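Notes follow the structure.
Only a predicted model underlies this, so the values are computations on that prediction, with no experimental measurement involved. Chain naming here is simple, since letters A, B, ... match the order of the sequence lines and numbering starts at 1 in each.
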Amino acid sequence: MDGWTTLTKAGRQTRLAAAAWAALAVALLTIPLFGDYVIWLTANMLILALFAVGFNLLFSFTGLLSFGQAGFFAVGGYVCALILLALPSLLLGVIGGVIAAGVVALIIGFLCVRHTEIYFAMLTLAFGMMIHSIIWKWRSVTGGDDGLVGVPRAPLEIPGVLTIEMADLARYYYFVLVLVVLGIFAIWRVVRSSLGLTLQGIRDSESRVTFIGLSVMKYRLIAFTIAGLASGLAGALMVPLGRSASPAIANWTFSAEPVIATLLGGAFTFAGPIVGSFLFYIIKEIVVIFTGYWMMTLGIIVLALVLGFRGGVVSVIQDRLLPLLARRHNDQGGDG
Amino acid sequence: MAGKYELNRRRLLQATAAGGAVLAAPFIRPAQAQDPIKIGAQGVSSGSHADYGRQIQMGARFAAEEINTKGGIMGRKIEILYRDDELNNEVALKNARFFKAQGVNFMIGTDSSGVCLALGPVLPELDLIQIFTHAATEKLTEDLVFKKGIKHIFRGSVPVYQDAILPALVFKDNMDIKRIANLGADYEYGRTSWAMFHTTLKKYRPDVEIVGETWAPFFTADFTPHLSALSAKKPDLIFATPWAGEAVLMLRQATTLGIFNDIKAWWQCMGGSVDVMEGISRDVATGKFKDKLWATARYIWNWPDTPDNKAFVNSFAERWGRLPNYSAECTYSAVFALKAAVERAGSVKTADVIKALEGLELSTPAGKRVYRPEDHQAVYNVPAGRVTYNKEVAPIAYLTDLKVFPAADYFRNPPFS
Amino acid sequence: MTFDALVYQGLIGVSLAMYLWLLAAGLTIAFGVLGVVNFAHGSLYMLGGYFAFTFYLTLQMNFWLSLLLAAASGAVIGSIMERFFLRYIYHLDLAYQILLTFGFVLIFADAARIFWGGIPLIPPMPEIFDSTVPIVGRPFPVYNLFVIFVGIAASALLWLLLDKTNWGETVRASASDREMAGALGINIPRLFTIVFAFAAMLAALSGALGTPVRAMTPGIGTSVIIDVFIVTVIGGLGNLPGAFVAALIIGLMKAYGVLLFPDADLFMTYLVMTLVLLFRPKGLLGGR
C-alpha cells in the first residue's frame, strides 16, 4: 500500500471510486444468496439502471428531457412477450423487443427532435401515452388492461451452441445482470466516442454545431433512437422476470422513474442514473414500510434535489465523501 | 504516513459489512411454532379506487382481531401485513415476494383482474395460497384453476357472473324491456360482463335488441358524450360497468341529462358497493333515479337478514365508523376460511390447507359459502335490488326489492365451454 | 345519424371543450410569460375541484362563493409555488423547472389523498341548475350550458384583460421580451408571481367548475395534464386563440368520436396531434 501515499489526491479518489465499483460488482454477483425477494428487487434495480442510463444519454448528454421513455420500454416488453408466447426463445424475444423499440423510437423521434426543450418534453409525454392507449385498446394482441400473462421464461438458446434454462430465478437474474452491464457499457462507449462529443456539443451550443456543418436533427435522432433501444432492452428484460406484461409499464408516471432516478443519482454524470436507480428502489421500499404516502416523499425529495442538490448523490460522493476519505491526515487539502 | 485514511477506509468497510448483516438478518431467522400466522393482503390504496384497499385492510384486521381475542388459530395469533399493489402487476409480484421473505403463510386480497391473472401463476413457485377477494375475471378460476390446475388459487368473492348473468335473470320477465344499451368500462371486465349479459338475456328473450354500445377508458371524468350518444338511441335498459368513483360521477351526469325519465331500468354493476352508495345517497334521496336504478355487489350489508350478519355489520360499523363494503366482508370471510381450513387440516402447510379448503363449507356474514373443489370458487348468494334511501333504515342509500336467485342458477359450471 | 343527434352531441362537445380551454389558457399564459410548462397544472385542476367541494358541501357555502374561493385558493397555491420554489431556479436549465413542477405533481397527489381520502366526492347540484332545456327535442342539462357560458365569458374577459388594460400590456410586453420589459422598469419577479398565480387560478376554476358533475379523485391530476398538453401542442405553445380553437377541436372530437367511432375515440386525439405535428409543427395557429 505504499503506492497509496504517493498518489495525488485525485489519484486516490479514482482508486476509491474504482474500489467502490468493485465492491458493487461483488455485491451484485452474490445477490442470489439473499433469497428471492432480494433477487427480485435487485433485478428491478438493474433494469431501471439501464432504463435511466438510456434516458440520461438524452437528458445530460444531448440536452433533451423526455417524459415518454416508458413507451419504448413497453414496446420492448410487449414484443418480447408476444415472441416468447409464440416461440420459446429468450434470445429472439429480447432481440425482437429491442429492435421493435428502436424502430418505434426512430419514428416518434423523427416527429419530436425538431422541437426544442419544452415542446419536446410535452410531445414525448403525449406520444408515450399514445403507445399506452394503443396497448390498452388493441386487446386482441396485447390483452388490453389484463395484459399478457403466462409469458414463459424461455431458455436462452443459440441453436447448436448452447441452451441455458432460465426457469430458476437466480439464473435469470445473472442473465439480466450481464445484459444490463453490456447495455450500459455500450452507452458508455457512445458517450466517450466522437458521437458523444457531438451530442454534448449540441447540448451546449446548437448554433456552433450547425456552423461546422453537422445536422443537429440527425444527431438528436440518433441519440433518441439509442435511448429507445436501451429502454426497449430494459422492457424486454423485465417481462420474463414477472412472466407478464401490463399497460402500466407504458404510463407516463412510469416514464418519470428514470427521470427521478437520474436526478437522485446525479444528472450530468454517467454513474448518476445507476446509483440513483438503486437508491430509488431502496428509498421506496423503506418509505413503504412506514407510510403509504411514498409519492409525496418522492416529490419532496425531487424538490430538494432540484433546489439544492442538482448534482445528486454522485456529486455529494465525488465532491465531499471521496475527498474526505482520500485525505492524508496531515494534508492541508492540497495536492500532496 | 499510512495512518488516518487507512483507518477511514477500514471503518468504511466495517460499516458496510455491518450494514449488510443488518439488511440480511430478517431473511435468515428460522421460524418457530409459536410464531404468529402471517397473512399478506394486497389491495389498491392509490388513485381513484383507494377506498377498496382500505376496505380490504379493515376486513382483514377486523377478522384478525376477532380471532385473536378468542385465542387465535391453534393457539397462534394472526398477523396481517398489507401492501398497496397500485393496480400494477409488477408491484403486486414484488409485494408477493416481499411477503414470502417475511415468512407469510397465506395471502388474500387483490382488486384488479389484470393483477390476479399475473399473480396466480406465481403462487406455486412461492408455495403460497391466495384467497382472492375482489378481482372478478372468470379467467382466474375457469382458466387458471380448472384448465391449468393451479391449485394455490382460491376466490372468496363472487365473480363476473354476479354482475353479468344475474341481471339477465332479473330482467328477463320484464316485457317492457326490449332495447338494451351498454355504457362499458373499456377494459376486460367491462367487455366480458356486457358480452355475458346480452348473450344470456337473448337466450331467454330473443326479441331483445342491442341499440347502442359505448366504451369509456379508465379515468374518464366526463361521461356526458357517452350518455348522450346512448340516449339518442332510446334504450329501455342501460347496462353500466364503470365502478367506484367513476360510477358516482357517471350516475350524477346521467341524472343531469334526464336519462332516468326515459329508460325503464339502469343496471349498475357493483353499484351496491358502499362507496358508490355513499356517493349517490343524496340523489337517491331526492328521487333523481326515479326508482329505476338497480344494482348488485359481491355482498350487501343488509342481506341476509341473519343474526350473524347483523352482528357483523354492527360491530364492524362500531369499529370503523362505516358500513362494511363487499371487499371488507369478503376479506373478513377469507381470513375465517383460512382459520377453518388450517384447523381442519391441523397444519399450516400449503398442500394440507389446499386440501382442507376444497369443498369447505363456511358460515359467513354473507351466508353459507362453499368453496367448490372444481375451480376453487366460493359459491354463495348475493341478491340484486333497487337502489333506495330511507334514513330510518340506514344513513346511506341501500338496496331494496331484493331479488334472490340461487347462485347455482347463474354461476357457470365446468367444463366452461 | 340524424342531424339532431349531431347538434346535440356537438353541444356536449363544446361544454367539454370549455373545461379544457380554461386549463389550456392558464398553461399557455404561464408559458408565454414565464417560459415554464407547469406539469402540476392538472394537479391544480384537481385541487380546485377539491377546494370547491369543501367550501360548497363541507362548509355549506354559497355555490358561487365556493367557485370563487376555490379559484382564489388555486391562485394562492400557484403563487407559493412560484415565489418560494420556481423563482429560485429560473437561471437554470428549463428542464429543472419542469422537474420541479413534476415534484409538485407527486406531492399534490398524495396531499389530496391525505386531506380528502380516496372516497369519490360529489356535492348536490345547485338548485338553479337542476333542470334541462329542450334542444332539438331532447333534454339538455342546464349546467352544461352554464359551463359553455363560463368558457366564453372567460375568453372575453381574458381578451379584455390582455388587450385593453395596462396590466395586460405589461404582461404581453414581458412575454415577448423579458429583458426589455425589465429594463423599462417593469417589476419582472412580481409580475411572474402574479401571472403564475393567475394561470393556477384558471386551472383551479376549471376544476371547481366541474364540482357538481365530476367527482374528484386523487388520480385526476395526472390524467388531465395529458389532454391539456395535447390541446396546447395543437393550438401552438404560447398562442391563446390557438388554445381556444384546439380545445374546441378536442372537445368536439371526444364527443363525436363516442357517437360515431365508439371504439376508437381515445386514439383520435393522438392522431390529430400527430397530424398537426407533421404538417404544422408550430401548432395550428403557430406558436413559439
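- Within 6.0 Å of NZ in B:Lys147 there are more than 12 heavy atoms belonging to other residues, nucleotides or ligands.
- Counting heavy atoms from C-beta on, the side chains of A:Tyr37 and B:Lys94 come closer than 4.5 Å.
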**Report entry** Candidate pair A:Glu285 and B:Arg83, rule salt bridge (charged side-chain N to carboxylate O under 4.0 Å, His left out), full reasoning
**Finding:** CA-CA 11 Å; A:Glu285 285 303 294; B:Arg83 285 181 77 135; 3.2 Å; yes

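- Side chain of A:Trp136 to backbone of B:Asp186: a donor-acceptor contact under 3.5 angstrom is found.
- A:Leu169 touches chain B through its side chain: at least one heavy atom from C-beta onward sits under 4.5 Å away, while N, CA, C and O do not.
- Between A:Ile249 and B:Glu90, the closest side-chain pair of non-hydrogen atoms falls below 4.5 Å.
- Atom-to-atom distance recorded for A:Lys137:NZ and B:Tyr187:OH is 13.5 Å, nearest 0.5 angstrom.
- Top candidate by heavy-atom pairs under 4.5 Å with chain A, chosen from B:Lys139, B:Glu125, B:Lys100, B:Lys148, is B:Glu125.
- B:Arg191 CZ to A:Asp146 CG: the interatomic distance, rounded to the nearest 0.5 Å, is 12.5 Å.
- B:Arg97 approaches A:Trp40 most closely through the heavy-atom pair NE-CE3, 2.8 Å.
- Each of A:Pro247, A:Ala248, A:Ser246 has some count of heavy-atom pairs under 4.5 Å with chain B, and the biggest count is that of A:Ser246.
- A:Asp145 places a side-chain N or O within 3.5 Å of a backbone atom of B:Glu188 that can act as its donor or acceptor partner.
- Annotation for A:Ser244 and B:Asn89: closest pair OG-ND2, 3.6 Å, computed over non-hydrogen atoms.
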Report task. Give the C-alpha distance, both sets of side-chain angles, the deciding distance and a yes or no for salt bridge (charged side-chain N to carboxylate O under 4.0 Å, His left out) between A:Lys284 and B:Glu86. Result -> CA-CA 13 Å; A:Lys284 189 169 169 200; B:Glu86 301 168 36; 3.5 Å; yes

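- Using a 4.5 Å cut-off between heavy atoms, A:Leu41 contacts chain B through its side chain alone, with no backbone atom that close.
- Here the CD1-CZ distance, from A:Ile289 to B:Phe98, works out to 5.0 Å after rounding to the nearest 0.5 Å.
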